[in-house]
Amino acid sequence: MGTVRTRFAPSPTGYLHIGGLRTALYGYLFAKKNGGKFVLRIEDTDTARYVEGSVQIIYDTMRDSGVMYDEGPDVGGNYGPYIQSERKDIYTEYAKKLVEKGGAYYCFCTPERIATLKDEEGNVRYDKHCLHLSKEEIEEKIKSGVPYVIRQNIPEKGVGSYHDLVYGDISVDYKDIEDGILIKSDGMPTYNFANVIDDHLMGITHVIRGTEYLSSTPKYNLMYDAFGWERPVYIHLPPIMKDAQHKLSKRNGDASYEDFVKKGYVKEAIINYIALLGWSPKSNVEKMSLSDLIENFSLEGISKSPSIFDETKMKWLSGEYIKEMDYDTFKSHALPFLKQSEVFGKFDTDKLLNLVKTRVQIFSEIPEKLDYLKSLSEYDVNLFVNEKQKASVSLAKEILPKISEKLSALSDFTNSALFESLVSLSADLGIKKQALLWITRIAITGKESTAGGATEIAEILGKEETLERIAFSLNLLNK
RNA sequence: GGCCCCUUGGUCAAGCGGUUAAGACACCACCCUUUCACGGUGGUAUCAUGGGUUCGAGUCCCGUAGGGGUCACCA
């Protein structure tokens with residue numbers, strides 16, 4: 001076999017959903033793993049379903065996520081054009097060839113006649129009515145402008161078998177396959193035809209796509225065989241589910257790649273996670289960059305059964321990426337989200353960001369984690385009670401003035417200096433430092449739990465604000 | 001409904017005839033700790049079901065149930 005060539009062939013119907021992106025990713029990984037090429041082809045033969053702008057979304061998503069193609073409409077290549085609507089003449093030419101070879105035939109049946117073919121369950125199955133038209137009849141009808149389609153001629157007997165690298169041997173009886181339309185009456189090909197022609201002409205060696213094509217693949221093979229072309233290797237992928245019953249889809253309002261990016265997921269984590277959905281590496285390592293994925297990817301790890309999308313796990317992965325990010329990278333990603341916080345601009349940006357770096361899994365959690373810094377308003381003084389830390393309301397009343405006094409004398413208002421100072425104060429007072437720090441933190445935040453400890457927060461608030469807040473809390477306690 | 005395919009904890013999953021049935025997320029507990037988080041340790045929890053085959057079955061075969069896909073001039 002020559003160079004491995006895989007392709008991703010989405011239709012521009014509005015967005016690139018998670019399942020589609022995973023299909024693209026596997027095609028990309030398999031090609032890269034084998035030193036091959038990954039091709040993007042736009043399947044826009046259904047003009048009615050075309051959605052403006054969706055081709056651009058496909059380009060953007062693939063670029064942004066790193067699942068980048070070597071050949072495609074906007075990057076070129078030697079097998080173009082890569083947009084099916086620009087290949088119409090090619091399909092017409094090959095359709096004629098297939099008719100000559102007996103693999104297809106002209107059909108002039110009206111929709112009305114087709115409708116009479118409905119069985120009890122409402123399923124229509126074409127009866128090969130036009131297969132037996134004579135050459136003269138066909139020529140005459142075409143000449144006189146009778147609308148027609150070109151149908152595939154499926155053998156009436158026999159079984160179509162092939163080997164799928166994920167699902168193994170698949171066999172479908174030809175009697176269960178209908179003579180599907182290859183060329184529509186508007187002259188455009190259907191997926192069933194364009195897909196085969198393009199995959200062959202573009203030198204695609206491995207066809208990677210969803211399981212929805214598992215049982216229709218034998219009819220594609222019939223065409224490869226009729227043309228005398230080598231069949232590609234098939235790799236069908238199980239679907240990604242929203243729950244046990246439903247596929248993940250935008251139609252159900254499920255998030256897409258761009259939605260997750262907007263929600264503040266680390267991009268690498270999204271790709272990493274979807275790679276793991278339906279595929280498992282030989283090792284137990286789960287956090288993998290795109291290049292790690294290329295290195296570790298193998299077809300044997302692809303599962304046959306559908307997998308349910310678990311946003312919680314993706315969130316965890318995102319958090320792992322954030323924790324390992326160097327600060328500057330983190331800052332550049334986090335800043336747009338920090339700006340949505342009410343505390344942005346009121347305090348030192350770097351200090352705020354440092355507070356939050358190990359405490360968020362996705363960037364959008366930043367504002368909520370920092371909101372407590374906003375202002376101090378009336379709160380339940382019972383928050384001072386903490387049995388484990390030996391803190392109580394009365395102790396708070398007693399030591400808060402001393403804390404205030406100590407802090408007002410402090411010139412170096414940094415975390416470490418504050419910590420040292422307060423610890424020594426607790427020793428002087430003969431109380432647990434935990435109790436003193438607990439009371440301090442409650443006094444300056446009024447919150448049971450906060451991102452950051454007492455002295456970290458005090459540093460961010462600054463001396464003036466810290467002392468004001470302690471005074472406010474003291475006042476509250478003495479009410 | 002016909003046909004094709006699938007079925008290991010709540011979720012992702014390893015396993016390819018002999019294992020105490022990995023690991024991860026989630027959950028719980030404990031430790032660490034300046035609350036929370038991080039980190040560490042431990043724990044709860046899985047082979048859909050009934051028959052075979054075999055000395056031995058999550059692994060092989062058949063049935064049943066459940067689920068997915070497909071049966072378009074959509075891809």
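Protein chains get the first letters and strands the later ones, always in sequence-line order, with residue 1 at the start of each.
At least one donor-acceptor pair under 3.5 Å links the side chain of E456(A) to the backbone N or O of G453(A). Without hydrogens or angle criteria, E178(A) side chain to Y126(A) main chain gives a donor-acceptor distance under 3.5 Å. Of the possible donor and acceptor atoms, none in the side chain of R231(A) sits under 3.5 Å from a partner among the backbone N and O of Y220(A). Under a 3.5 Å cut-off, the side chain of D173(A) and the backbone N or O of V159(A) do not form any donor-acceptor pair. With S318(A) contributing its side chain and M314(A) its backbone, the two residues share no donor-acceptor pair below 3.5 Å. A donor-acceptor distance shorter than 3.5 angstrom exists from the side chain of E365(A) to the backbone of Q361(A), with no hydrogens or angles considered.
Atom CD of Q434(A) sits in a crowded spot, with more than 12 heavy atoms from other residues, nucleotides or ligands closer than 6.0 Å.
Paired runs in RNA chain B that reach 3 or more consecutive Watson-Crick or G-U pairs, where each pair keeps both distances under 3.5 Å, cover B:1-7 with B:65-71, B:10-12 with B:23-25, B:27-31 with B:39-43, B:48-52 with B:60-64.
Of the residues in residues 352-368 of chain A, those with a non-hydrogen atom less than 4.0 angstrom from any atom of RNA chain B are T358(A), R359(A). Heavy-atom distances under 4.0 Å link RNA chain B to Q434(A), L437(A), W438(A), R441(A) of residues 434-441 of chain A, given in residue order.
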> Using a cut-off of 4.0 Å between protein heavy atoms and nucleotide atoms, how would you tag nucleotides 67-75 of chain B 5' to 3' with B, S and -?
Replying inline: SSBS-SBBB

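Across A22(B), C25(B), C3(B), the shortest atom-to-atom separation from the side chain of W316(A) is found for C25(B). Ranking C12(B), C4(B), C6(B) by closeness to the S307(A) side chain, first place goes to C12(B). For E456(A), taking side-chain heavy atoms from C-beta onward, the closest of the listed nucleotides U35(B), G23(B), U11(B) is U35(B).
Taking atom C1' on both nucleotides, U11(B) is separated from G69(B) by 22 Å, rounded to a whole Å. Taking the P atoms as reference points, G66(B) lies 16 Å from A48(B), given to the whole Å. As rounded to the nearest Å, U46(B) and G58(B) have C1' atoms that lie 10 Å from one another.
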Going by atom type alone, with no hydrogens or angles, which donor-acceptor pairs under 3.5 Å involve a side-chain atom of residues 9-18 of chain A and a protein atom two or more places apart or on another chain?
{"residue": "H17(A)", "atom": "ND1", "partner": "G19(A)", "partner atom": "N", "Å": "3.2"}
{"residue": "H17(A)", "atom": "ND1", "partner": "G20(A)", "partner atom": "N", "Å": "3.1"}

Give every donor-acceptor pair under 3.5 Å between a side-chain atom in residues 265-277 of chain A and any protein atom, sequence neighbours left out.
{"residue": "Y265(A)", "atom": "OH", "partner": "E311(A)", "partner atom": "OE2", "Å": "2.6"}
{"residue": "K267(A)", "atom": "NZ", "partner": "D64(A)", "partner atom": "OD1", "Å": "2.8"}
{"residue": "K267(A)", "atom": "NZ", "partner": "D64(A)", "partner atom": "OD2", "Å": "3.4"}
{"residue": "N272(A)", "atom": "OD1", "partner": "M288(A)", "partner atom": "N", "Å": "2.6"}
{"residue": "N272(A)", "atom": "OD1", "partner": "Y321(A)", "partner atom": "OH", "Å": "2.7"}
{"residue": "N272(A)", "atom": "ND2", "partner": "E286(A)", "partner atom": "O", "Å": "2.9"}
{"residue": "Y273(A)", "atom": "OH", "partner": "D310(A)", "partner atom": "N", "Å": "2.8"}
{"residue": "Y273(A)", "atom": "OH", "partner": "D310(A)", "partner atom": "O", "Å": "3.3"}

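Ring orientation note: the planes of Y162(A) and Y234(A) are nearly perpendicular, at an angle over 60° on the 30°/60° scale.
At a threshold of 4.0 angstrom between heavy atoms, the contacts of K323(A) are confined to the sugar-phosphate backbone, with no base atom among them.
Side-chain N/O atoms of K282(A) and base N/O atoms of A14(B) include no donor-acceptor pair closer than 3.5 Å.
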